[in-house]
Amino acid sequence: MKNLFYAIILPLLFMAYSASAQEQGTEKMGYGAGWRYAFSKEGRQEWKPEFTLRYMSGFTTSAPIITGGVRIDEKRTFSLLLGRGDTYIDHAPGDIYTIMTGVAFRRYFHLGKRKIFAIYSDLYIGAGWIDKVTGKYYKNTATYEEMELIEESAGDVILIGGWQPGVRVRCYKNLHLFLGPTIASDCFGFHVGVGF
(Lines give C-alpha, C1' and ligand atoms only; values in the text may rest on other atoms or scores of the structure.)
Protein backbone atom coordinates (compact mmCIF):
# COMPACT_ATOMS: atom_id res chain seq x y z
CA MET A 1 0.00 0.00 0.00
CA LYS A 2 2.83 2.40 0.88
CA ASN A 3 4.61 1.63 -2.38
CA LEU A 4 1.45 2.42 -4.36
CA PHE A 5 1.16 5.74 -2.49
CA TYR A 6 4.77 6.67 -3.25
CA ALA A 7 4.54 5.52 -6.88
CA ILE A 8 1.52 7.76 -7.57
CA ILE A 9 1.75 10.76 -5.25
CA LEU A 10 5.46 11.58 -5.22
CA PRO A 11 5.82 11.97 -9.03
CA LEU A 12 2.69 14.16 -9.08
CA LEU A 13 4.05 16.35 -6.28
CA PHE A 14 7.40 16.66 -8.05
CA MET A 15 5.75 17.65 -11.35
CA ALA A 16 3.51 20.15 -9.56
CA TYR A 17 6.52 21.68 -7.80
CA SER A 18 8.48 21.91 -11.07
CA ALA A 19 5.52 23.50 -12.88
CA SER A 20 5.01 25.92 -10.00
CA ALA A 21 8.66 26.95 -10.02
CA GLN A 22 8.55 27.48 -13.79
CA GLU A 23 5.34 29.49 -13.47
CA GLN A 24 6.77 31.62 -10.65
CA GLY A 25 9.75 32.51 -12.84
CA THR A 26 7.56 33.77 -15.71
CA GLU A 27 4.79 35.30 -13.64
CA LYS A 28 4.80 39.09 -13.45
CA MET A 29 2.82 39.47 -10.24
CA GLY A 30 3.49 37.78 -6.91
CA TYR A 31 1.31 35.27 -5.10
CA GLY A 32 -0.60 37.82 -2.99
CA ALA A 33 -0.98 40.25 -5.89
CA GLY A 34 -2.51 37.48 -7.99
CA TRP A 35 -5.19 36.83 -5.35
CA ARG A 36 -5.87 40.55 -4.94
CA TYR A 37 -6.24 41.03 -8.68
CA ALA A 38 -8.60 38.01 -8.99
CA PHE A 39 -11.00 39.60 -6.48
CA SER A 40 -10.62 43.17 -7.73
CA LYS A 41 -13.27 44.80 -9.95
CA GLU A 42 -11.21 44.10 -13.09
CA GLY A 43 -10.40 40.56 -11.98
CA ARG A 44 -14.04 39.67 -11.27
CA GLN A 45 -14.91 40.54 -14.88
CA GLU A 46 -12.70 37.63 -15.97
CA TRP A 47 -14.51 35.07 -13.80
CA LYS A 48 -16.05 32.19 -15.74
CA PRO A 49 -18.27 29.26 -14.73
CA GLU A 50 -16.67 25.81 -14.49
CA PHE A 51 -18.42 22.47 -14.03
CA THR A 52 -17.10 18.93 -13.63
CA LEU A 53 -18.63 15.48 -13.74
CA ARG A 54 -16.43 12.89 -12.07
CA TYR A 55 -16.52 9.36 -10.77
CA MET A 56 -14.37 8.23 -7.86
CA SER A 57 -13.84 4.65 -6.85
CA GLY A 58 -11.90 3.03 -4.05
CA PHE A 59 -11.54 -0.30 -2.32
CA THR A 60 -15.06 -0.23 -0.85
CA THR A 61 -16.45 3.16 -1.90
CA SER A 62 -17.68 4.64 -5.16
CA ALA A 63 -19.40 7.93 -5.94
CA PRO A 64 -20.43 10.04 -8.92
CA ILE A 65 -19.82 13.72 -8.12
CA ILE A 66 -20.96 16.94 -9.81
CA THR A 67 -19.23 20.25 -9.10
CA GLY A 68 -20.24 23.72 -10.19
CA GLY A 69 -18.43 26.92 -9.48
CA VAL A 70 -16.37 29.81 -10.73
CA ARG A 71 -12.92 29.84 -12.29
CA ILE A 72 -11.48 33.07 -10.87
CA ASP A 73 -8.41 32.93 -13.13
CA GLU A 74 -6.50 30.39 -15.23
CA LYS A 75 -5.09 28.79 -12.10
CA ARG A 76 -7.87 28.65 -9.46
CA THR A 77 -11.47 27.45 -9.20
CA PHE A 78 -13.92 27.49 -6.29
CA SER A 79 -16.99 25.24 -6.50
CA LEU A 80 -19.81 23.45 -4.70
CA LEU A 81 -20.09 19.69 -4.97
CA LEU A 82 -22.93 17.18 -4.86
CA GLY A 83 -22.44 13.43 -4.92
CA ARG A 84 -24.00 10.06 -4.18
CA GLY A 85 -21.69 7.77 -2.22
CA ASP A 86 -21.98 4.00 -1.85
CA THR A 87 -19.79 2.26 0.72
CA TYR A 88 -19.80 -1.54 0.78
CA ILE A 89 -19.44 -3.16 4.21
CA ASP A 90 -17.97 -6.61 3.62
CA HIS A 91 -18.57 -8.19 7.04
CA ALA A 92 -22.33 -7.49 7.02
CA PRO A 93 -22.61 -7.67 3.96
CA GLY A 94 -24.36 -4.39 3.32
CA ASP A 95 -24.16 -0.91 1.83
CA ILE A 96 -24.24 2.61 3.24
CA TYR A 97 -25.67 5.16 0.77
CA THR A 98 -24.75 8.79 1.34
CA ILE A 99 -25.70 12.13 -0.20
CA MET A 100 -22.56 14.27 -0.16
CA THR A 101 -22.37 18.06 -0.29
CA GLY A 102 -19.46 20.40 0.22
CA VAL A 103 -17.08 22.99 -1.15
CA ALA A 104 -14.04 22.41 -3.34
CA PHE A 105 -10.95 24.33 -4.40
CA ARG A 106 -8.89 23.44 -7.48
CA ARG A 107 -5.40 24.77 -8.28
CA TYR A 108 -3.83 24.26 -11.71
CA PHE A 109 -0.10 24.09 -12.45
CA HIS A 110 0.11 24.51 -16.23
CA LEU A 111 2.75 22.66 -18.23
CA GLY A 112 3.79 24.69 -21.27
CA LYS A 113 2.69 28.00 -22.71
CA ARG A 114 -0.34 26.62 -24.57
CA LYS A 115 -1.78 25.30 -21.26
CA ILE A 116 -3.10 22.09 -22.81
CA PHE A 117 -1.61 19.91 -20.07
CA ALA A 118 -1.74 20.71 -16.38
CA ILE A 119 -1.20 19.14 -13.02
CA TYR A 120 -4.02 20.01 -10.61
CA SER A 121 -4.85 19.64 -6.96
CA ASP A 122 -8.44 19.45 -5.71
CA LEU A 123 -9.23 19.86 -2.03
CA TYR A 124 -12.78 19.37 -0.78
CA ILE A 125 -14.62 19.30 2.52
CA GLY A 126 -18.26 18.87 3.42
CA ALA A 127 -20.85 16.60 4.96
CA GLY A 128 -22.49 13.35 4.00
CA TRP A 129 -26.05 12.49 4.99
CA ILE A 130 -26.69 8.76 5.25
CA ASP A 131 -30.05 8.16 3.59
CA LYS A 132 -30.11 4.36 3.31
CA VAL A 133 -28.40 1.38 4.95
CA THR A 134 -28.81 -2.20 3.74
CA GLY A 135 -27.65 -5.32 5.59
CA LYS A 136 -27.66 -3.51 8.94
CA TYR A 137 -29.03 -6.46 10.89
CA TYR A 138 -28.28 -10.18 10.74
CA LYS A 139 -30.76 -12.71 12.07
CA ASN A 140 -29.24 -15.88 13.52
CA THR A 141 -31.46 -18.71 12.25
CA ALA A 142 -30.57 -21.01 15.15
CA THR A 143 -31.37 -18.59 18.00
CA TYR A 144 -33.60 -16.10 16.12
CA GLU A 145 -31.47 -13.37 17.65
CA GLU A 146 -30.88 -10.18 15.63
CA MET A 147 -27.38 -8.68 15.66
CA GLU A 148 -26.55 -5.16 14.51
CA LEU A 149 -23.62 -5.42 12.09
CA ILE A 150 -23.46 -1.80 10.82
CA GLU A 151 -23.34 1.00 13.39
CA GLU A 152 -24.36 3.81 11.02
CA SER A 153 -28.07 4.53 10.55
CA ALA A 154 -30.15 6.50 8.08
CA GLY A 155 -30.16 10.15 9.13
CA ASP A 156 -26.59 10.18 10.48
CA VAL A 157 -24.25 12.93 9.28
CA ILE A 158 -20.58 12.25 8.58
CA LEU A 159 -17.67 14.54 7.73
CA ILE A 160 -16.21 14.10 4.26
CA GLY A 161 -12.99 15.58 2.98
CA GLY A 162 -10.27 14.68 0.58
CA TRP A 163 -7.48 15.47 -1.82
CA GLN A 164 -7.62 14.64 -5.52
CA PRO A 165 -4.42 15.49 -7.39
CA GLY A 166 -4.11 14.55 -11.03
CA VAL A 167 -3.42 15.36 -14.66
CA ARG A 168 -5.70 17.47 -16.85
CA VAL A 169 -5.75 17.53 -20.66
CA ARG A 170 -7.61 20.44 -22.27
CA CYS A 171 -9.38 19.38 -25.48
CA TYR A 172 -11.17 22.54 -26.66
CA LYS A 173 -11.43 25.91 -24.90
CA ASN A 174 -12.23 24.82 -21.30
CA LEU A 175 -13.46 21.31 -22.17
CA HIS A 176 -11.01 19.01 -20.44
CA LEU A 177 -10.49 15.45 -19.24
CA PHE A 178 -8.81 14.66 -15.95
CA LEU A 179 -7.77 11.70 -13.81
CA GLY A 180 -5.73 10.89 -10.74
CA PRO A 181 -5.72 9.31 -7.29
CA THR A 182 -8.20 10.03 -4.51
CA ILE A 183 -7.13 10.22 -0.87
CA ALA A 184 -10.19 10.99 1.24
CA SER A 185 -11.90 10.32 4.55
CA ASP A 186 -14.27 7.90 2.83
CA CYS A 187 -12.23 6.66 -0.13
CA PHE A 188 -8.71 5.62 -1.11
CA GLY A 189 -8.63 4.98 -4.84
CA PHE A 190 -8.84 6.99 -8.07
CA HIS A 191 -11.06 9.47 -9.91
CA VAL A 192 -11.74 10.29 -13.54
CA GLY A 193 -13.90 13.01 -15.05
CA VAL A 194 -14.70 15.68 -17.58
CA GLY A 195 -14.86 19.44 -17.00
CA PHE A 196 -16.24 22.31 -19.01
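Keep in mind that this is a model prediction, so the values were computed, not measured.
Using a 4.5 Å heavy-atom cutoff, the side chains of Thr77 and Ile72 are not in contact. At a threshold of 4.5 Å between non-hydrogen side-chain atoms, the residues Leu159 and Ser185 do not count as touching. Put simply, the side chain of Ile89 does not reach to within 4.5 Å of the side chain of Thr60, judged on heavy atoms.
Smallest separation of non-hydrogen atoms from Ile150 and Thr134: CD1-O, 3.6 Å. When all heavy atoms of Ala38 and Trp47 are compared, the pair lying nearest together is O-NE1, 2.9 Å. Closest approach of Cys187 to Ser57, counting heavy atoms only: SG-C, 3.8 Å. The nearest pair of heavy atoms linking Lys115 to Arg168 is O-NH2, 2.9 Å. In this structure, Trp163 and Ser121 approach most closely via the heavy-atom pair NE1-OG, 2.7 Å.
A cation-pi arrangement, defined by a distance under 6.0 Å to the six-membered ring centre and an angle within 45 degrees of its axis, is absent between Arg71 and Tyr108.
For Arg76 (side chain) and Arg107 (main-chain N/O), no donor-acceptor pair under 3.5 Å exists by modelled atom type. Using a distance-only test at 3.5 Å, with no hydrogens or angles considered, no donor-acceptor pair links the side chain of His110 to the main chain of Ile116. With hydrogens and angles ignored, the 3.5 Å screen pairs no side-chain donor or acceptor of Arg54 with any backbone N or O of Phe178.
Under the salt bridge (Lys or Arg N to Asp or Glu O under 4.0 Å) criterion, the residue pairs touching residues 82-99 are Arg84-Asp131, with sequence neighbours excluded.
Remark: Phe105 pairs with Phe78 by the ring pair (Phe, Tyr, Trp, His ring centres under 6.0 Å) rule, at least two apart or across chains.
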